[in-house]
Amino acid sequence: NCVPFRISIFIWFSNLFKWFNLNKNKTLILVRHAPVKKVDGYIPKNNPSALINLDHIQKLANYIPEASSCYVSPLKRTIQTAKALSKFVNFEDITEAKDLVEQNFGDWAGKRISDVWEELKHNKSQHNFSFICPEICPPNGDSYLDQCKRVANFIDNFNFENKNSVVLITHAGTIRAILSHILEIEPDKSIGIEISHLSCTLIEVINKNHHNHRGGRYRLLKVNQQII
């Protein structure tokens with residue numbers, strides 16, 4: 001009777017597939033949300049809606065593997081982007097993660113930039129590529145350094161095993177903070193990295209048990225790949 005033999009072969013290949021999936025390198029894709037409505041001369045509000053263009057979303061879908069696990073910031077613009085993208089990509093699941101939220105600009109959100117600048121211009125420390133320095137905390141908000149700590153906690157505790165690819169639909173500041181952490185870039189430098197709306201940043205992740213040598217666990221493959 002060859003049935004038991006066939007069953008044992010099936011189990012062997014099934015276990016081999018599971019072993020291969022657990023041990024192969026993973027793909028981490030960072031996507032910035034769709035654009036939001038801006039008012040010239042004003043800092044954006046904390047939780048605006050996304051301006052969804054389905055033609056742009058469909059182009060983005062070409063860069064997203066099927067059956068990816070998707071994690072989003074709990075803010076409206078990322079959730080709306082993820083829902084639009086799910087029309088063209090079959091995600092394994094979509095999960096909200098509060099640590100992926102954008103830096104909170106607190107009382108400055110929705111204010112005139114000129115008014116905020118009046119508060120900042122007397123600071124001894126200014127930045128060449130950012131409106132505020134990483135350590136500056138808006139009233140009732142948080143700093144980029146706070147954001148970096150939040151993001152580092154998320155990445156360090158994230159379980160990449162049993163996932164082929166992971167998509168994080170999040171914010172420019174969050175993506176900069178992730179790059180700062182995994183590539184050990186000083187926040188003072190990473191805060192100036194350009195991250196465009198609906199852009200893709202692609203990272204290879206080595207299995208936790210296999211990064212025994214120099215170079216770390218993460219390899220940057222592409223950064224800020226623009227589709228619009």
Side-chain angles (χ1 to χ4, degrees), residues 16-33 59-73 78 81-82 85 88-95 97-103 129-130 134 144-228:
L16 179 64
F17 176 79
K18 290 178 181 177
W19 178 89
F20 178 77
N21 191 48
L22 283 171
N23 288 279
K24 71 176 183 177
N25 292 352
K26 311 298 181 181
T27 301
L28 174 61
I29 303 171
L30 312 178
V31 176
R32 187 182 179 189
H33 59 80
K59 287 181 182 178
L60 174 62
N62 294 325
Y63 297 87
I64 307 298
E66 290 289 322
S68 297
S69 294
C70 179
Y71 293 79
V72 300
S73 151
T78 55
T81 302
L85 189 56
F88 306 102
V89 177
N90 293 316
F91 288 119
E92 184 75 20
D93 43 43
I94 299 177
T95 306
K98 60 182 177 61
D99 286 336
L100 297 179
V101 73
E102 180 61 289
Q103 179 182 354
F129 304 109
S130 175
Y144 179 63
L145 293 183
D146 294 328
Q147 185 177 25
C148 285
K149 291 176 184 176
R150 219 172 40 236
V151 166
N153 178 70
F154 176 84
I155 292 295
D156 288 345
N157 290 287
F158 190 84
N159 182 14
F160 286 96
E161 321 312 324
N162 296 318
K163 297 177 178 68
N164 290 322
S165 54
V166 175
V167 179
L168 306 185
I169 300 179
T170 183
H171 309 272
T174 305
I175 294 171
R176 294 181 187 114
I178 292 173
L179 295 176
S180 183
H181 180 59
I182 67 174
L183 300 178
E184 300 180 7
I185 304 171
E186 293 179 13
D188 201 46
K189 302 293 194 302
S190 68
I191 199 172
I193 297 174
E194 180 68 22
I195 302 294
S196 305
H197 290 106
L198 295 180
S199 66
C200 288
T201 294
L202 187 64
I203 297 160
E204 180 182 6
V205 184
I206 297 178
N207 183 282
K208 186 175 285 188
N209 298 322
H210 292 167
H211 69 293
N212 303 319
H213 305 295
R214 293 168 56 181
R217 189 183 179 193
Y218 305 96
R219 182 165 72 118
L220 182 63
L221 302 177
K222 294 178 182 177
V223 62
N224 197 38
Q225 182 173 11
Q226 300 180 47
I227 59 95
I228 60 173

Enumerate donor-acceptor pairs with a distance under 3.5 Å from any side-chain N or O in residues 146-155 to protein atoms, sequence neighbours excluded.
{"residue": "Asp146", "atom": "OD2", "partner": "Ser143", "partner atom": "N", "Å": "2.9"}
{"residue": "Asp146", "atom": "OD2", "partner": "Ser143", "partner atom": "OG", "Å": "3.2"}
{"residue": "Gln147", "atom": "NE2", "partner": "Glu102", "partner atom": "OE1", "Å": "2.8"}
{"residue": "Gln147", "atom": "NE2", "partner": "Thr174", "partner atom": "OG1", "Å": "3.1"}
{"residue": "Arg150", "atom": "NH1", "partner": "Asp142", "partner atom": "OD2", "Å": "2.7"}
{"residue": "Arg150", "atom": "NH2", "partner": "Val101", "partner atom": "O", "Å": "2.9"}
{"residue": "Asn153", "atom": "OD1", "partner": "Asn157", "partner atom": "ND2", "Å": "3.1"}
{"residue": "Asn153", "atom": "ND2", "partner": "Asp99", "partner atom": "OD2", "Å": "3.4"}

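A cation-pi arrangement is present between Lys163 and Phe158 under the rule of less than 6.0 angstrom and at most 45 degrees off the ring axis.
Taking Arg32 as the reference, His197 meet the side chain to side chain donor-acceptor pair (under 3.5 Å) condition, with sequence neighbours excluded. When the side chain to side chain donor-acceptor pair (under 3.5 Å) test is applied to Asp156, the partners found at least two apart in sequence or on another chain are His181. Considering only residues two or more places apart in sequence or on other chains, Glu92 meets the salt bridge (charged side-chain N to carboxylate O under 4.0 Å, His left out) condition with none of them. Every residue meeting the salt bridge (charged side-chain N to carboxylate O under 4.0 Å, His left out) condition with Glu186, not counting sequence neighbours, appears here in chain and number order: Lys189. With sequence neighbours left out, the side chain to side chain donor-acceptor pair (under 3.5 Å) criterion links Ser165 to Ser68.
Side-chain contact of Asn25 with Glu204: a donor-acceptor pair under 3.5 Å is present, judged by distance alone.
The two residues Ile29 and Pro65 make their nearest non-hydrogen contact at CD1-CD, 3.4 Å. Here the shortest heavy-atom pairing between Ala61 and Val89 reads CB-CG2, 3.5 Å. The two residues Ala82 and Phe91 come nearest to each other via the heavy atoms O-CE1, 4.1 Å. Across all non-hydrogen atoms, the minimal contact from Asn162 to Lys26 is N-NZ, 4.3 Å.
Within the model, atoms CG of Leu179 and CG of Leu30 stand 6.5 Å from one another, a figure rounded to the nearest 0.5 Å. Atom CD1 of Ile227 sits about 5.0 Å away from atom CG of Leu60, to the nearest 0.5 Å. For the atom pair CG (Leu28) and OG (Ser69), the distance works out to 11.5 Å, reported to the nearest 0.5 Å. One finds the CD1 atom of Ile169 at 4.0 Å from the SG atom of Cys70 (value rounded to the nearest 0.5 Å).
Between Val205 and Arg217 the shortest side-chain heavy-atom distance falls below 4.5 Å.
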